[in-house]
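As structure tokens, the structure follows; a few thoughts come after it.
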Amino acid sequence: MTPDKVLEQPARVLTQQQREAYFANGYVVAERVIPEDWLARLRDANAAMVERSRALTQSDGAYVLEAGHSAATPRLKRLSSPVDHHPAYWEIASRSPIADAAADVVGPDVKFFHAKLNFKWAAGGQEFQWHQDIQAWPHTNYSPVTIGLYIDDVDAAQGPLMCVRGSHKGRLHSMYDREGKWVLRVPEEEMAKVRPEEIDVLTAPAGSLVLLHCRTVHGSKRNESPRGRPFLLNVYSSADAFAYAGNPLPSRYAGAIVRGKPALWAHHDPEPCEIPPDWTKGYVGPWAHQNRQSTDARPGGY
Ligand SMILES: O=C(O)CCC(=O)C(=O)O
């Protein structure tokens, strides 16, 4: 569906102005959409998941540990695929206004792709360098949207999401470096062309949604504050978009239709997309790629 056709459908959660801003800018913040009872459930689920992480001494398929993690003082970067680890996460991904917000920007038939919970731990939670997402998980069209939920208030010191306005309408940058290694970052010389006034820092109160188009250049800074920044991210697409490379965060719910009906025909956008490494051989998360130095030669590897 083109943005014009999507906008003709009745809005469910977002205002028409917010939907238009999403298509114009490549992102939009909808403040205080998720009510406190949902947030309380998620905080409990987060606490339970952090509790389980105490037993770990290294990252595994579910948890990505932050430097300094220990049983006494857990420090987490990410819980991958939270929907597979605690029922609260799938309930919110499928039954809450988050899935309705997805319908507001992809059309009435909505498919779930994957989810992650980025903790950005207090006092040093790591940055995300500037990147675009769709090259990591190409689809037959560019409908995919990531919907982030700020579970707590997020201010500028906590490393909120930052976006380059209108960048979803620009080119797709290669997420490989000159030696052919996957680094998941926009080359510095390209970012040098972006003027500071084109960057929005998306601070918002707890319960706010950040809708991020799959082509938008985005990143976030280190968390310099004494407060964590738990950010629950669910990715959806129109039902007629089909991923044609491995899912980096596979889930038993991948492909589930959360609103409307499944598609009988795939919709193909004519613009090609870069192909990522083969995630079925393993996925290590953006930090590992982004920190890789060009002397670390594993051509074409992940
Ligand atoms: O958590 C963040 O600040 C950024 C998330 C992100 O860009 C990603 O997970 O790809």
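Ligands are counted one by one from 1 in listed order, and the atoms in each one are counted from 1 as well.
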Can you list every protein residue that has a heavy atom under 4.0 Å from any atom of ligand 1, sorted by chain and residue number? Arg78, Lys116, Asn118, Phe128, His131, Asp133, Leu161, His218, Ser220, Arg229, Phe231

Cluster companions of Ile275 among Ile, Leu, Val, Met, Phe, Trp, Tyr (side-chain spacing under 4.5 Å): Tyr244

So for atom CD, which belongs to Glu271, do other residues, nucleotides or ligands contribute more than 12 heavy atoms lying within a distance under 6.0 Å? yes

Salt bridge (Lys or Arg N to Asp or Glu O under 4.0 Å) partners for Lys77, two or more places apart: Glu66

By side-chain hydrogen bond (donor to acceptor under 3.5 Å, both in side chains) - contacts of Glu51 (at least two apart): Arg54

Return the CZ to SG distance between Arg215 and Cys273, rounded to the nearest 0.5 Å. 8.0 Å

Working for side-chain contact (heavy atoms from CB on, under 4.5 Å), residues Thr140 and His267: CA-CA 6 Å; Thr140 56; His267 176 248; 5.5 Å; no

